J.: 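Sharing a structure with you now.
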Amino acid sequence: MEKERVLPTHAITIILGILVLVGIYLTSLYSYLLFHGIAEIFGIIVACGIFIVAWNSRRFLDNNYLLLLGIAYLFVGIIDLIHTLSYKGMYIFHGSSANLPTQLWIAARYLESVSLLIAPLFFRRRLRVKLVFAAYALVTSLALGSIFYLDVFPVCFVDGVGLTPFKKISEYVICLILLASLVPLFKKREEFDRGVFMMIAASIVLTIGSELSFTYYVHAYGLSNLIGHYLKIISFYLLYKALIETGLRNPYNLLFRDLAKREEELRHSEKRFRQAFENANTGMTLVSPEGRYLMVNDVLCRMLGYSREELESMAVQDTVHPDDEHVCSSFASRALAGEIESSSFEARHLDRDAQVVWTHVASSLVRDERGEPVYFITQVSDVTDRRRAEMALKKAHDELEVRVEERTGELVQAQNDLRDALGQVERLKDRLEMENIYLQEEIKLNHNFEEIIGRSEVMKRVLGRVEQVASTDATVLIMGETGTGKELFARAIHSLSPRNDRPLVKVNCAALQQTLIESELFGHEKGAFTGAFAQRVGRFELANNGTIFLDEIGDLSLELQSKLLRVIQEGELERLGGSRTIKVDVRLIAATNRDLEKEVEAGSFREDLFYRLHVFPVVIPPLRERSKDISLLVRHFSQKYSTALGKTIDNIPQKVMEALEAYQWSGNVRELENVIERAVILARGSVLELDDFLDIFGEAGPRDVSLETLDEVQRSHIIRTLEETNWKVEGKRGAAVLLGINPSTLRSRMRKLGIKRGLGMG
């Protein structure tokens, strides 16, 4: 019968590779996002495979070149994974553009090329694996941090324009680094098998081709992008193949060639060792680095009362007294870390009947030729009788010392000295109680409310109410105009409450879209709505056992008001799209600048929710009702912003202070802070000047609030600010910034007051 022809392994590998590449190309025709994901995931898997093979075969490697590359490609794979997930169609990083994946690509390629350049330095040098891991983790963290958080990584792609000069130059720089890495590799080519050397060199060349193809990148679906990913896949695979050849096949060929000879030598060595081990007149044992008995002799078996089979199935901690486990584990840890090689110490063991056996232990760590720990060889001697005698002697000595101390104490004690000491203690006690009362009052005014500035009577009354309610779990409704500092009072209530070790979770109801606020408050399950790719924990769950602060609660829709009422009444909620009831223990603090009673009458706010929130109302007075505090606030803000700007403001003219105290602050403390900040910026010396403010105030004169309602004052001030900004609501120079309020809050206030462009002040 004719023998069947079998294709060579290399031919099969090439055919399979071609089929994989063709399959990936066909995938690109159907969905380029799917093609990109498959191509990148293939590269990520190969990168992880490079690390796994290099790590598991590190004992067989003649040099550390490939081990360093294995660690490097692990972190390159991590960045490539984030790069894959950052594509716009993946919906992982919301709001990101094509610039984010391009930045991550450049970061990964820099890490890969530099690693290939420095790897030849470790052909015959010792590689500190922990230090290398820490260095790559630090570099990777810094790269990701500069992209995601610090925003200092240069822009690489501009939508509608294409690649930036930085990105193109980076690709060429990476190519130059890769070319440079070929020079030391070629000089050390004798260190490698010829086939392995060719695969590594080919991998670097293909990587250069991949980088060059990406310099012609115009959009995600271009031919250069397709070619670049193909070359990257092949280059990763060639390096993986080189590691397989070096780390797995060649070492085992050498191993089996010398196996028979080494086995014979091992048998003779083991025979001699066992004879000495068994004939010792003390307990002997071999212990694994993990702490298990590998071999014991008869002396140790008799000492502990176990059979040989029983002991060799146990761990050292099974026979050592629990109070002395740390002695044995400390020696083992130090020996395995290379600090010591041997030690002797005393430790208690427990025999089969749980009786204490005192032993003297002498142990040494045996390592193989590579310096890796193999086992501990330990000698165990029974010193129970000696220890019992020592303990009896110590006990008698301690009892004698106690008796001597008792008698000495009785002789030196004097009744008169004791009476004087008691009197002095009583006087000190009274003094400390008085000081404690005084300090507590100081702490209440100065420490607990250090962020709230004000000494007026009306502020003291408000702070007193805050102090009264803080220690309870009562719901608090903070009411006041915009800019009065409602959030500061909420933070003060939380910091004085028993829940201050838990977070204060803040939610601005006016700043969130109505379609998203339910998800923000109560969370959602995966798939609850379009774009809900993962489960999300709501703010109420985050605030469990803590405090939640709902700012601008008057802006909640009626539907959300009913759900909020259930959480307040029942202490339970359900995530959006979920059916499981979640119990929460949350202390609620709400704030609003609206008249909720009028909102209830108008039908835009639930009456039952209003009474639930109105358990303990705290009304924050507007700045115009506490003009005595203005001087304190002016000095505080002057110091704050002059320090921040590197200026020194130490003179506030009386004319300026009188004008500020006479002005009717519709924007309250926030408006005052903005005015002072602007004045500090414009100040040329050490004197605080408000020329523009005084001019306006001098022309119009102090406003008579008795002639205008609060809404009319607010409406006039908002219109003037909008006219100054050419009716620009948000942005750097928008009206919201000048007024010190959120843009959505400003729009809501404009709707309420009927402010529209073209109506002016009429």
Side-chain angles (χ1 to χ4, degrees), residues 10 13-14 16-25 27-28 32 35-47 49-50 65-66 69 72-73 76-77 79-80 83-84 101-120 156-157 162-186 189 192 195-243:
H10 293 299
T13 302
I14 293 172
L16 290 176
I18 292 172
L19 290 175
V20 169
L21 295 177
V22 171
I24 295 176
Y25 172 74
T27 303
S28 71
Y32 195 86
F35 156 76
H36 178 268
I38 293 174
E40 289 294 342
I41 289 172
F42 182 88
I44 293 165
I45 293 173
V46 172
I50 291 171
Y65 175 90
L66 293 174
L69 288 187
Y73 272 80
V76 170
I79 301 178
D80 280 344
H83 158 76
T84 305
T102 313
Q103 289 177 315
L104 291 167
W105 172 267
I106 287 297
R109 302 290 74 78
Y110 266 121
L111 185 62
E112 178 186 3
S113 60
V114 172
S115 299
L116 287 166
L117 180 63
I118 66 174
C156 294
F157 186 90
L163 300 178
T164 64
F166 170 81
K167 201 271 185 183
K168 293 182 179 179
I169 293 172
S170 292
E171 296 286 9
Y172 291 122
V173 170
I174 291 168
C175 291
L176 291 175
I177 295 173
L178 291 171
L179 280 173
S181 69
L182 288 171
V183 176
L185 180 67
F186 184 80
R189 63 187 182 279
F192 293 97
V196 172
F197 169 78
M198 295 299 294
M199 282 187 282
I200 296 175
S203 174
I204 295 175
V205 171
L206 288 174
T207 304
I208 294 172
S210 174
E211 295 306 311
L212 289 175
S213 68
F214 282 110
T215 60
Y216 298 98
Y217 182 98
V218 178
H219 58 82
Y221 307 100
L223 179 61
S224 64
N225 196 323
L226 182 71
I227 295 173
H229 281 95
Y230 270 145
L231 294 177
K232 178 190 173 187
I233 291 171
I234 298 172
S235 67
F236 271 43
Y237 174 77
L238 287 176
L239 187 58
Y240 175 77
K241 184 73 173 174
L243 271 168

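As the structure is a prediction and not an experimental result, all values here were calculated from the model.
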J.: Rounded at 0.5 Å granularity, tell me how far CG in Leu182 sits from CD1 in Ile208.
T.: 5.5 Å
J.: Nearest 0.5 angstrom please: Thr102 OG1 to Leu163 CG, how far?
T.: 7.0 Å
J.: Salt bridge or not between Glu112 and Arg109? Use side-chain N to carboxylate O under 4.0 Å.
T.: yes
J.: Under the side-chain contact (heavy atoms from CB on, under 4.5 Å) test against Leu117, which residue among Val183, Ile177, Ile204, Leu178 passes?
T.: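 Only one of Val183, Ile177, Ile204, Leu178 forms a side-chain contact (heavy atoms from CB on, under 4.5 Å) with Leu117, namely Ile177.
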J.: Rounded to the nearest 0.5 Å, what separates atom CD1 in Ile169 from atom OG1 in Thr164?
T.: 8.5 Å
J.: Answer yes or no: is there a donor N or O on one side and an acceptor on the other, between the side chain of Thr84 and the main chain of Asp80, under 3.5 Å?
T.: yes
J.: Are side-chain heavy atoms of Ile79 and Trp105 found at a separation under 4.5 Å?
T.: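 Contact flag for Ile79/Trp105 side chains = no.
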J.: What is the minimum heavy-atom distance between Ser210 and Leu231, and which atoms define it?
T.: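 Smallest interatomic distance, heavy atoms only, reads N-CD1, 3.5 Å.
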J.: Measure across Ala119 and Leu69 and return the closest heavy-atom pair with its distance rounded to 0.1 Å.
T.: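 Scanning both residues, the minimum pair turns out to be CB-CD2, 3.8 Å.
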J.: In Å, rounded to the nearest 0.5 Å, how long is the span from CD1 of Ile106 to SG of Cys156?
T.: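 Interatomic distance, Ile106 CD1 to Cys156 SG, rounded to 0.5 Å: 5.5 Å.
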J.: Rounded to the nearest 0.5 Å, what separation is found between the CG atom of Leu111 and the OH atom of Tyr73?
T.: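 That separation rounds to 9.5 Å.
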J.: Can you give me the closest heavy-atom contact between Glu211 and Cys175, atom names plus distance?
T.: CB-SG, 3.5 Å
J.: Using modelled atom types and a 3.5 Å cut-off, is there a donor and acceptor pairing between side-chain atoms of Thr207 and backbone atoms of Ser203?
T.: yes
